[in-house]
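One structure below.
A, B, ... follow the sequence lines: proteins, then strands. Residue 1 opens every chain.
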Protein chains: 4
Amino acid sequence: MPRPRLEDAPTRLLAAGLALFARQGCERVNSNAIARAAGLGIGTFYLHFANKYALLRALQLRTLDGLRAARQAAVAAVGSESGLEEQVRASVEAAVAFAAEHPEAYRVCFGRERTAPAHAGPVVSESTRGIASALAAWQRAGVIEPALDPALAARAYLAMETGMLLWWLEDPGRTAADKLVETLVRGHPALAAQVRG
Amino acid sequence: MPRPRLEDAPTRLLAAGLALFARQGCERVNSNAIARAAGLGIGTFYLHFANKYALLRALQLRTLDGLRAARQAAVAAVGSESGLEEQVRASVEAAVAFAAEHPEAYRVCFGRERTAPAHAGPVVSESTRGIASALAAWQRAGVIEPALDPALAARAYLAMETGMLLWWLEDPGRTAADKLVETLVRGHPALAAQVRG
Amino acid sequence: MPRPRLEDAPTRLLAAGLALFARQGCERVNSNAIARAAGLGIGTFYLHFANKYALLRALQLRTLDGLRAARQAAVAAVGSESGLEEQVRASVEAAVAFAAEHPEAYRVCFGRERTAPAHAGPVVSESTRGIASALAAWQRAGVIEPALDPALAARAYLAMETGMLLWWLEDPGRTAADKLVETLVRGHPALAAQVRG
Amino acid sequence: MPRPRLEDAPTRLLAAGLALFARQGCERVNSNAIARAAGLGIGTFYLHFANKYALLRALQLRTLDGLRAARQAAVAAVGSESGLEEQVRASVEAAVAFAAEHPEAYRVCFGRERTAPAHAGPVVSESTRGIASALAAWQRAGVIEPALDPALAARAYLAMETGMLLWWLEDPGRTAADKLVETLVRGHPALAAQVRG
DNA sequence: AATGAATGAGATTTCATTCAT
DNA sequence: TATGAATGAAATCTCATTCAT
């Protein structure tokens with residue numbers, strides 16, 4: 001049985017960075033403060049990250065991975081033989097749940113910090129891929145119209161989803177989660193372009 | 001050591017600020033650089049703006065006004081007796097054209113700088129109002145479903161439109177403007193929630 | 001009958017400078033602010049004063065003159081044939097009254113600004129002269145001890161008087177004016193060194 | 001680029017600040033200059049003091065402590081069974097000696113910088129306390145008149161002492177130290193208010 | 001691996017002064 | 001006389017980064 005021990009430095013730095021970035025924004029935070037908030041020495045920061053943008057990047061990748069996994073698991077859970085709307089709804093619900101559970105991570109990944117840093121790569125294009133390939137698959141299966149441009153539609157939908165979730169997280173009292181899901185499902189290109197028998 | 005100026009200082013500062021903000025982002029630009037780029041002395045900046053965030057705010061308000069006016073003019077041009085889709089399309093086309101004509105202003109208003117500065121007020125909520133009230137009017141006219149939440153739908157649509165246009169402006173070669181218009185019209189909540197006779 | 005007209009620029013500048021210097025201290029005030037507070041244009045300041053220290057100097061000289069005149073008038077009023085203590089008391093009472101009537105002027109003349117400015121000459125040495133010559137006169141008249149050094153004693157007394165009055169003006173509620181007069185008269189070198197029959 | 005230091009940074013900064021403040025006055029000195037004069041980097045200043053006023057305050061407190069200690073030691077040395085005048089003279093001599101030995105520190109503590117900075121607390125009120133309590137003690141012992149207000153008298157005396165010493169330090173050639181001591185002892189309220197058998 | 005004092009480039013902002021009107 | 005926009009030197013303070021320990 002492994003003894004519970006203090007988390008290691010990189011983990012502590014990631015946690016401290018997440019909290020500070022979410023609260024103040026990357027540009028307003030400095031690496032000394034992150035190190036201090038992590039309970040570590042100033043120099044220790046540079047032992048694990050080249051600079052604050054590298055830390056930001058690591059946080060964003062971690063979040064992107066987690067969100068992708070959550071969506072995939074949710075879709076897998078409803079089964080591939082279920083209907084288009086069911087699958088879409090499952091994916092959307094997973095995203096909303098993820099944002100609700102990890103509000104700081106979501107904000108740091110998709111909010112103001114999304115594009116800011118020169119060092120951190122683009123976040124949106126990566127997350128677009130999953131949706132686009134799902135749309136393309138449904139298209140090949142003849143479930144949705146061939147006229148739809150999957151890449152474009154995916155990007156449009158994600159812009160909407162991200163915008164809504166960030167706005168929601170600012171003050172979750174503004175709307176109930178299920179109303180949010182409803183709005184997003186309604187606006188999902190897969191349903192709008194569904195081939196109706 | 002004052003010098004006579006052809007254009008007045010605020011105008012020059014706004015122009016210089018727009019160019020620099022669009023290229024480097026507000027956090028990467030300093031007020032001295034803006035003043036110099038405007039061909040003015042360092043102190044002159046502070047004669048007209050309290051700090052760079054005030055200048056940013058002025059740019060954003062100007063853009064917001066321009067975009068609103070362009071949309072309204074376009075909708076007015078097709079006439080209020082025209083159909084729902086025609087009006088929506090006119091508004092979307094106006095927005096796409098505006099972004100194409102003022103790419104820097106659009107980016108500075110809706111891009112990374114949208115939320116960044118403590119001093120600049122929120123941009124999105126202001127631009128949401130126009131769409132939301134249009135949706136509400138159509139709703140009262142019985143043209144679209146009463147179930148739709150205008151505020152929520154407006155915000156969702158605008159997140160999509162803004163996201164798409166910013167992405168498009170990064171490299172306008174990615175898509176033709178009319179395909180963009182098509183995608184946005186399709187995703188517009190007014191059409192999705194249209195009451196079909 | 002002369003028409004009441006707006007005071008002229010120098011007068012307005014002196015008044016504005018007095019108020020600002022008293023409230024914020026010379027180093028914390030700038031000439032633009034003085035001009036504005038005087039209801040005049042920025043450039044107008046330099047038409048009448050070389051810089052803020054020149055204005056300060058003018059204020060100090062005016063105050064010094066006023067205080068000297070008040071003292072002399074008070075001493076003259078009790079008459080030269082009156083006793084030493086009566087004359088001293090008259091002079092002290094005049095100083096206390098002057099400070100009470102012109103608290104801003106007194107503070108600006110003798111307070112923090114007394115020594116600060118490179119341009120403004122020393123204030124204390126000028127005001128010392130009056131007391132020192134009075135002491136010398138009494139000495140020649142055989143009323144006070146010849147051992148006393150008039151210059152030194154005058155300076156010591158004035159340091160005390162000034163220190164007390166500045167402290168009193170900070171919050172006049174701290175002591176009654178007559179208790180102050182009493183303390184100062186008691187400490188006056190003319191009485192301490194009086195030749196007692 | 002850190003460098004090893006012989007003396008520690010705060011000590012060097014205090015020494016440099018003392019020299020510069022004494023020569024030019026707090027408002028005329030900037031923190032960069034202090035750091036440079038201390039042979040340290042600009043940023044190092046802010047590692048140890050929040051701003052130049054904090055450094056000034058530290059210098060003043062140090063001086064106040066030193067002066068108080070010197071006075072107390074001197075009075076203790078003559079013994080409490082010695083006469084009033086002896087004790088007063090010991091205290092005055094200690095103050096004069098302290099000022100002569102630490103002219104810069106004395107000037108920075110009691111001179112122009114005494115009141116100037118918003119951040120630095122009041123210096124005079126603190127140094128008043130010692131004298132006032134000594135007067136009160138003698139009063140309780142019946143050595144000096146009960147009519148005397150110890151707080152007021154202490155303040156008056158200290159204004160005189162401080163004013164004289166500052167003036168003397170400007171040019172010590174003006175008077176011999178013992179003449180100064182004589183003038184101050186003469187003007188001391190304890191002697192003026194002594195109850196004569 | 002961990003530390004934190006030290007560094008200095010650079011950002012922000014102020015203000016005395018000028019001069020064309 | 002009077003004005004006030006314009007100027008830029010200078011002051012304050014921050015923070016990413018280094019390196020001796």
Side-chain angles (χ1 to χ4, degrees), chain A residues 8-10 12-13 27-36 38-55, chain B residues 1-5 8-10 12-13 27-36 38-53, chain C residues 8-10 12-13 27-36 38-55, chain D residues 1-5 8-10 12-13 26-36 38-54:
Chain A
D8 60 350
R12 297 166 70 93
L13 287 167
E27 301 291 347
R28 292 282 182 219
V29 166
N30 65 63
S31 40
N32 290 20
I34 298 172
R36 285 307 180 202
L40 296 169
I42 290 172
T44 310
F45 182 94
Y46 291 93
L47 242 36
H48 301 285
F49 296 97
N51 51 48
K52 68 179 174 184
Y53 299 109
L55 195 159
Chain B
M1 310 113 186
R3 257 188 281 155
R5 294 267 146 231
D8 62 345
R12 298 169 67 94
L13 288 167
E27 302 290 349
R28 292 290 185 211
V29 166
N30 65 58
S31 38
N32 288 20
I34 297 172
R36 285 311 182 197
L40 295 168
I42 290 170
T44 309
F45 182 94
Y46 291 93
L47 227 46
H48 301 286
F49 298 97
N51 51 50
K52 67 179 176 183
Y53 299 110
Chain C
D8 60 349
R12 298 166 69 93
L13 287 167
E27 301 290 348
R28 292 284 183 219
V29 166
N30 65 64
S31 39
N32 291 19
I34 298 172
R36 285 307 179 203
L40 296 169
I42 290 172
T44 309
F45 182 94
Y46 290 94
L47 240 38
H48 301 285
F49 296 97
N51 52 48
K52 66 179 175 184
Y53 299 109
L55 195 159
Chain D
M1 310 114 185
R3 259 189 279 153
R5 293 265 144 235
D8 62 345
R12 299 168 67 93
L13 287 167
C26 182
E27 300 291 348
R28 291 289 186 214
V29 166
N30 65 58
S31 40
N32 289 18
I34 298 172
R36 287 309 181 198
L40 295 167
I42 290 169
T44 308
F45 182 94
Y46 292 94
L47 227 46
H48 300 286
F49 298 96
N51 50 51
K52 68 180 176 183
Y53 299 110

Original post:
When you measure from the side chain of C:Leu40, which nucleotide among F:dC13, E:dG8, F:dT3 comes out closest?
Top reply: F:dT3
Subject >> Validation row: A:Phe45, A:Leu40 side chains within 4.5 angstrom (heavy atoms) >> reply: no
Original post:
With sugar-phosphate meaning primed atoms plus P, OP1 and OP2, does D:Ser31 contact a base, only sugar-phosphate, or nothing at under 4.0 Å between heavy atoms?
Top reply: sugar-phosphate
**OP:** State the pairing partner of F:dA11; accept Watson-Crick or G-U wobble contacts with both distances under 3.5 Å, and report none otherwise.
**Re:** E:dT12
Original post:
Looking at the side chain of D:Thr44, which of E:dT3, E:dT12, E:dA6 is the nearest nucleotide?
Top reply: E:dA6
**OP:** State which of F:dA2, F:dG4, F:dA6 makes the closest approach to the side chain of C:Ala9.
**Re:** F:dA2
Subject >> Minimum-distance nucleotide (side-chain atoms of C:Asn32 versus F:dC15, F:dT3, E:dT17) >> reply: E:dT17
Original post:
Hey, which of these two, B:Lys52 or C:Asn30, hits DNA chain E nearer its 5' end, going by closest nucleotide?
Top reply: B:Lys52
Original post:
Start at the 5' end of DNA chain F and walk down; is the nucleotide closest to D:Val29 or to B:Leu47 reached first?
Top reply: B:Leu47
Original post:
Between F:dA6, F:dT17, F:dA2, which nucleotide gets closest to the side-chain atoms of B:His48?
Top reply: F:dA6
**OP:** Output, in order, the C-alpha distance, side-chain angles, deciding distance and verdict of side chain to side chain contact (heavy atoms under 4.5 Å, CB included) for A:Lys52 and A:Asn30.
**Re:** CA-CA 7 Å; A:Lys52 68 179 174 184; A:Asn30 65 63; 5.5 Å; no
Original post:
Using purine N1 to pyrimidine N3 plus N6-O4 or O6-N4 for Watson-Crick, or N1-O2 and O6-N3 for G-U wobble, both under 3.5 Å, which nucleotide pairs with F:dT21?
Top reply: E:dA2
Original post:
Which of the following nucleotides, F:dA11, E:dT17, E:dT3, is nearest to the side chain of C:Tyr46?
Top reply: E:dT17
**OP:** Go through F:dT14, F:dT12, F:dT18 for me and flag the one nearest to the D:Ile42 side chain.
**Re:** F:dT14
Original post:
Starting at the 5' end of DNA chain F, which residue's closest nucleotide do you reach first, C:Pro10 or D:Gly43?
Top reply: C:Pro10
